[in-house]
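Since the structure is predicted, the reported quantities are computational estimates derived from the model, not experimental observations. Proteins come first, then strands; the chains are lettered A, B, ... in the order of their sequence lines, and each starts at number 1.
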There are 2 protein chains.
Amino acid sequence: MSHSHDHSHDHTHTHETPNTKEKFLERLKEQGFKLTGKRRTIVDILLEEDRYISAKDLLELLKIQFPRLSFDTVYRNLHLLKEERLIEESVFGDGGSKFRIACDANHHHHHFICTVCGRTQLVEGCPMDALQLETPAGFHIETHRFEIFGHCADCCQSSL
Amino acid sequence: MSHSHDHSHDHTHTHETPNTKEKFLERLKEQGFKLTGKRRTIVDILLEEDRYISAKDLLELLKIQFPRLSFDTVYRNLHLLKEERLIEESVFGDGGSKFRIACDANHHHHHFICTVCGRTQLVEGCPMDALQLETPAGFHIETHRFEIFGHCADCCQSSL
DNA sequence: ATCAATGCAAACCTTTTGCACGCGT
DNA sequence: ACGCGTGCAAAAGGTTTGCATTGAT
């Protein structure tokens, strides 16, 4: 159950990381959620995109296959997927939320994020380890947020 | 002009840091902005509060003195103050923006932030220095975000 | 057959904008 | 007197909700 045989039909994705469609869908099924066509397609698209996109962009992509789909379903599924830790959310500079398929739900990480295309790169290490933190007396840490924003190589190019 | 004589009438604030009301207002004046009663009061309140608060909370506090004040003016001033780097903005977990008077516009810093009351503590150091970053090839860093969220000592207490 | 998922519409919340008037300079 | 600042009202976005229907199991 943990090491599912995900050598299915080879995808556009080359790496044999845990990010296979089947694994994601299995996780949902295990939790008792139904694998509807829309839900499958959302996971498909997010895997395919492999970058941060807005709910609006996601809806647009979904409408190709499901013209009548609207925001409510998108958001409901985004919430669900986030709860199940299958996607990651980040608030961009303009205040808008964007979402990407979870890189690795089990491994804590941070990202370089391209503010143009939403593509990401892993950051080596975590500031909570690297900084010798002097936590204020009595302060109880819950979460932290560390993100590096900029232009990726491709988007630097295209802005020339 | 840089070292203004801000020994005016002593305030509730004890430290003789750059965070004096006069200094903030001067900065605005220098830029050619008018020092209206509302603008003064916004700076007053933010200095007094000395923590992250929402536009809504700020408006509430302002309405005590200016009952007819509405969100538009609050936001217009928050934008202005942010442009002038007199306040800092942070997006909290729930997705809502909160604002606080700038701790020190000249010194780069990060915060421990209490998600209950919005009070902050400075973090020693910056992850961009502490982590030996391997910036992805061609990636052009623009900004970064690092915040540690949790409960401050006081808010831990009150939740017992 | 059951209960979750969806579509539709409407509400909601935060933030923004246009315009006429008021006020700091 | 000039021009920014403000109030009002309305719009704009993004996100959420209630309810009836559809659909996966």
Closest-nucleotide ordering on DNA chain C, the 5'-leading residue of B:E89 and B:T36: B:E89

Interatomic distance where NZ belongs to A:K38 and C1' belongs to D:dG23 [whole Å]: 9 Å

Along DNA chain D (nearest heavy atom to each residue), the more 5'-positioned of A:F99 and B:L80: B:L80

Pair B:E142-A:H151, side-chain donor/acceptor within less than 3.5 Å: yes

More than 12 heavy atoms from other groups under 6.0 Å of CD on B:E89: yes

Any B:T73 side-chain nitrogen or oxygen under 4.0 Å from OP1 or OP2 of D:dG7: yes

Atom-pair distance (CZ on A:R40; C1' on C:dT6), nearest Å: 16 Å

Whole-Å gap separating P (C:dA5) and CZ (A:F71): 21 Å

Touch class at under 4.0 angstrom, heavy-atom based, for B:D72 against every strand present: base

Value in whole Å for how far the C1' atom of D:dT6 lies from CZ of B:F33: 15 Å

Whole-Å distance separating the CG atom of B:L69 from the C1' atom of C:dC23: 15 Å

Residue B:E88 excluded, over 12 heavy atoms near CD under 6.0 Å: yes

Distance test, side-chain N/O of B:S97 to OP1/OP2 of C:dT14, below 4.0 Å: no

Touch class at under 4.0 angstrom, heavy-atom based, for A:S54 against every strand present: nothing

A:H144 ring center within less than 6.0 Å of A:H110 ring center: yes

Atom-pair distance (CZ on A:R68; P on C:dT6), nearest Å: 15 Å

B:S70 side chain near D:dC8 phosphate (N/O to OP1/OP2, under 4.0 Å): no

Separation of C:dA5 P from A:H79 NE2 (nearest whole Å): 15 Å

For atom CZ of A:R76 and atom P of C:dC8, their distance in whole Å: 12 Å

Selection from D:dT25, D:dG5, C:dA5 that lies nearest to any side-chain heavy atom of A:K29: D:dT25

Quiz item: A:K34 side-chain donor-acceptor pair to C:dC3 base, under 3.5 Å: yes

Centroid-centroid distance, A:F149 to A:F112, less than 6.0 Å: no

